[in-house]
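Below is one structure, written out as structure tokens; the observations come after it.
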Amino acid sequence: MSITIEFEETVLKNLEKTSGTLNMSSEQLVNRIVKNFLHVEAVNQLRQELSGTAETAGFLSEEDIFREIS
């Protein structure tokens, strides 16, 4: 599937520079960026959905969770 996106000139220049540095095409880099963004958003959504449950269990911060699993 393909879509057409118009980037601001500075964004496009940075995209091309970064993709060259990473030895990948601009399309590959945009795909990676979008996948990473969607993953972060999914994690944030889960964090919001589970925050009440976590607080009830005594986990008030991410540090509490990591301390528990270490």
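Not measured: the values here are computed from a predicted model.
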Pair up each side-chain donor or acceptor in residues 4-17 with any protein partner under 3.5 Å, not counting sequence neighbours, and list the distances.
residue	atom	partner	partner atom	Å
N14	ND2	T10	O	3.3

Q: Report the residues that fulfil side chain to side chain donor-acceptor pair (under 3.5 Å) with E41, sequence neighbours left out, ordered by chain and then residue number.
A: none
Q) Is V34 linked to L22 within one hydrophobic cluster, defined over Ile, Leu, Val, Met, Phe, Trp and Tyr using a side-chain heavy-atom separation of less than 4.5 Å? A) yes
Q: Kindly give the cluster partners of L46, where membership spreads through any ILVMFWY side chain lying under 4.5 Å from a current member.
A: none
Q.
Holding to side chain to side chain donor-acceptor pair (under 3.5 Å), I want the full list of residues that pass it with N44, two or more places apart in sequence or in another chain.
A. R47
Report, one line per pair, each donor and acceptor closer than 3.5 Å where one atom sits in a side chain of residues 23-33; sequence neighbours left out.
residue	atom	partner	partner atom	Å
S25	OG	Q28	N	3.0
S25	OG	Q28	OE1	3.3
S26	OG	S19	OG	3.4
Q28	OE1	S25	N	2.8

